[in-house]
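Worksheet: one structure, shown below.
For the numbers below, each heavy atom of this structure counts, side chains included, while hydrogens, waters and symmetry mates do not. Quick note on labels: first sequence line is chain A, next is B, and so on, each numbered from 1.
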Amino acid sequence: MVNDNKLVYSYLRGKMLIAQDGINEGSEAEVYGWVLSIREQKTLSFVIVYENRKQVQIVIKDKKLMTSQLKQNSVIWAKGTIKITDKAPNGFEIHVRSLKVLSKPKKLPPFNIMSTDIPALDLRLDYRALDLRRPYNINLFTLRSKTLQYFREYLTSKNFLEVQTPKIIATASEGGAALFPLMYYDKQAFLAQSPQLYKEELTMSFERVFEIGPIFRAEPSRTLKHLSEAISLDVEAAFLKNDDLMNLLEDMIKYVLNKLYEKDGETVKKIKAPLLDISKKFPRYSYSDVVKWINKNVEELQEGEDLSSKHLEAFGENVGGFYFIKDWPLKLKPFYIQPLDKDYSSSFDLMYKGLELSSGGERVHDPTLLRKGLKRTGLSAKGFKYHLEVYNYGMPPHGGFGLGVDRFMMVVTGAENIREVVLYPRDVRRLVP
RNA sequence: GCCCUGGUAGUAUAGCGGCCCAGUAUGCGGCGCUGUCACCGCCGUGACCCGGGUUCAAAUCCCGGCCAGGGCGCCA
């Protein structure tokens, strides 16, 4: 069969439903796919087959074709005639004359992929590849792929260059999160917690760069929104100021969501994802505004203290959607962030309700000031020797942000647990599969 | 790292000292059904996390273990 020219051609086009004369009444068609469900009746059976992430109904009238091997999760090939009918899910079905089971399940599955009783996430993650065959997940991860595609589309159109920076790094820390140590031949190395320093350096050569890649955090956080390995969309650009960066980020988010709603509305609807309101400008509050609000509405909070998740939940509920918190206290920010004055910084977080999606700001480009930043955050200049050296050769004023792609997908899909939107999540407790 | 909660057929759940050798739905096996769409109907199958204790009596109460879920903190 695979030697059949027509078939090879179709495989190359990524189509496993092969209809010689198109989807027309009476056309010959064959389909390769996975059995999702079987509804057997006395004289005929309806089988829903997944092919190429779409559902196709096949009708089997010849009882001899209903072998015991035809079960949910069987991989089959079937050939027959197309019939156009409103009674079929997508307006057509295939009346099968011949059928082969290419791969039959060896065991009963731990859960029924079509059931409305959704098994606990922990069990589903143990059998993730099977879980991902659930129609809900097929749609969810299709949206995730589209989302990344639209991010790339947007940034590329704004003349950003996509780059990849090392994930194995030597420098212990840029401060903040704990790192995963590992042996690099005979040296101590770490998994990168972010591409921060590299992307900054790259503005000197490419001016505008972005990277979509993994970041690693060895934090013992056990929450619904933290992972040990996450995907970050990092953007960095020369000459952009705090307001420019917020404009860019806001414009990008709106571009991506508009695309999703326009081009993938069906899929969005199928997973019952919320339709996010992006008609208005995202409000921009200063850190100090938020502190004032917390003091008035939640509890006493000193200016300069970090905002806890409780504070952000309360404030976010009050705002209701996307918003920025800008001009954070300098002492809460890493060494490379540009000071606004003695106490505050040119920085911002993009929030959706209580969830932090992105963090960014202007960066220091003066090497003397950068040394001061290192000192301020208790880091040694020695560890950043190579990075500091770069700043001697014409580092432009620059800024950028990092967006948590997984968290963004939580917002897009309405998932409450970040693990739902990651194929194979890594957290404190889970390293397999 | 600290705190709280929970583990009942393959899955999702009810029961919370005796009405329970554990109920329901779904799955699985069988039979019936002329077009279904989580098809339907009937029959069957299959479970109280592990170890100790309290009690006349434990799925139910207590202690320990293992596993899981959630909150706080850290962090993004």
Side-chain angles (χ1 to χ4, degrees), chain A residues 36-49 55-61 63 68 71-73 83 85-91 93 95 105 107-127 130-131 134-136 173-179 192-196 214-234 306-313 325 328 332-334 347-352 354-361 401-408 410 416-419 427-430:
Chain A
L36 273 191
S37 74
I38 301 167
R39 290 183 291 275
E40 225 176 324
Q41 301 194 13
K42 188 177 187 181
T43 58
L44 73 175
S45 300
F46 301 93
V47 177
I48 301 292
V49 179
Q55 295 185 21
V56 173
Q57 175 163 279
I58 65 173
V59 180
I60 301 169
K61 286 191 169 151
K63 282 280 142 183
S68 62
K71 298 210 163 35
Q72 186 180 65
N73 294 315
K83 189 177 179 200
T85 167
D86 289 341
K87 289 175 188 164
N90 289 319
E93 61 193 16
H95 286 240
K107 288 166 85 175
L108 276 180
F111 49 82
N112 178 353
I113 55 174
M114 291 300 278
S115 175
T116 49
D117 282 339
I118 298 164
L121 179 60
D122 195 53
L123 178 78
R124 289 192 282 117
L125 289 177
D126 282 342
Y127 296 88
L130 178 64
D131 180 49
R134 290 168 52 235
Y136 182 90
S173 179
E174 61 179 67
L179 302 189
Q193 74 178 100
S194 91
Q196 184 63 34
I215 56 174
F216 304 92
R217 309 281 164 101
E219 292 295 332
S221 304
R222 251 193 41 70
T223 76
L224 298 177
K225 55 190 184 193
H226 288 85
L227 292 168
S228 304
E229 178 177 348
I231 301 298
S232 171
L233 168 61
D234 270 275
D306 206 355
L307 302 172
S308 72
S309 52
K310 181 178 156 193
H311 299 143
L312 293 171
E313 288 289 334
I325 303 177
W328 288 77
L332 296 178
K333 288 290 167 182
S347 58
F348 60 86
D349 281 6
L350 173 68
M351 310 289 300
Y352 183 83
L355 187 67
E356 180 186 337
L357 295 179
S358 174
S359 188
F401 54 83
L403 173 86
V405 170
D406 313 297
R407 285 190 177 181
F408 183 67
M410 286 174 81
E416 284 184 6
N417 192 326
I418 197 166
R419 293 159 187 81
D427 61 39
V428 185
R429 299 208 231 204
R430 186 173 283 276

Report yes or no: is there a donor-acceptor pair, N or O only, under 3.5 Å between the side chain of A:E93 and the base of B:G35? yes
Give one of base, sugar-phosphate or nothing for A:L227, where a contact means two heavy atoms less than 4.0 Å apart. base
Rounded distance in Å - NZ (A:K107) to P (B:C28): 16 Å
Picking from B:A12, B:G70, B:G73, the nucleotide nearest the side-chain atoms of A:P119 would be B:A12
For B:A59 and B:C20, measure between their P atoms and round to the nearest Å. 13 Å
Residue whose closest nucleotide on RNA chain B lies nearer the 5' end, A:R39 versus A:H95: A:H95
Here the distance between atom C1' of B:C66 and atom CG of A:D122, to the nearest Å, is 14 Å
Pick base, sugar-phosphate or nothing for A:K71, based on heavy-atom distances below 4.0 Å to the nucleic acid. sugar-phosphate
Taking any heavy-atom pair under 4.0 Å as a contact, classify A:S232: base, sugar-phosphate, or nothing. nothing
Quick one: side chain to side chain contact (heavy atoms under 4.5 Å, CB included) partners of A:A218, sequence neighbours excluded? A:A178, A:F180
Show, in sequence, the C-alpha distance, side-chain angles and deciding distance for A:R419 and A:D122, and conclude whether the salt bridge (Lys or Arg N to Asp or Glu O under 4.0 Å) test is met. CA-CA 10 Å; A:R419 293 159 187 81; A:D122 195 53; over 6 Å; no
What nucleotide among B:C74, B:U36, B:A68 has an atom nearest to a side-chain atom of A:T223? B:C74
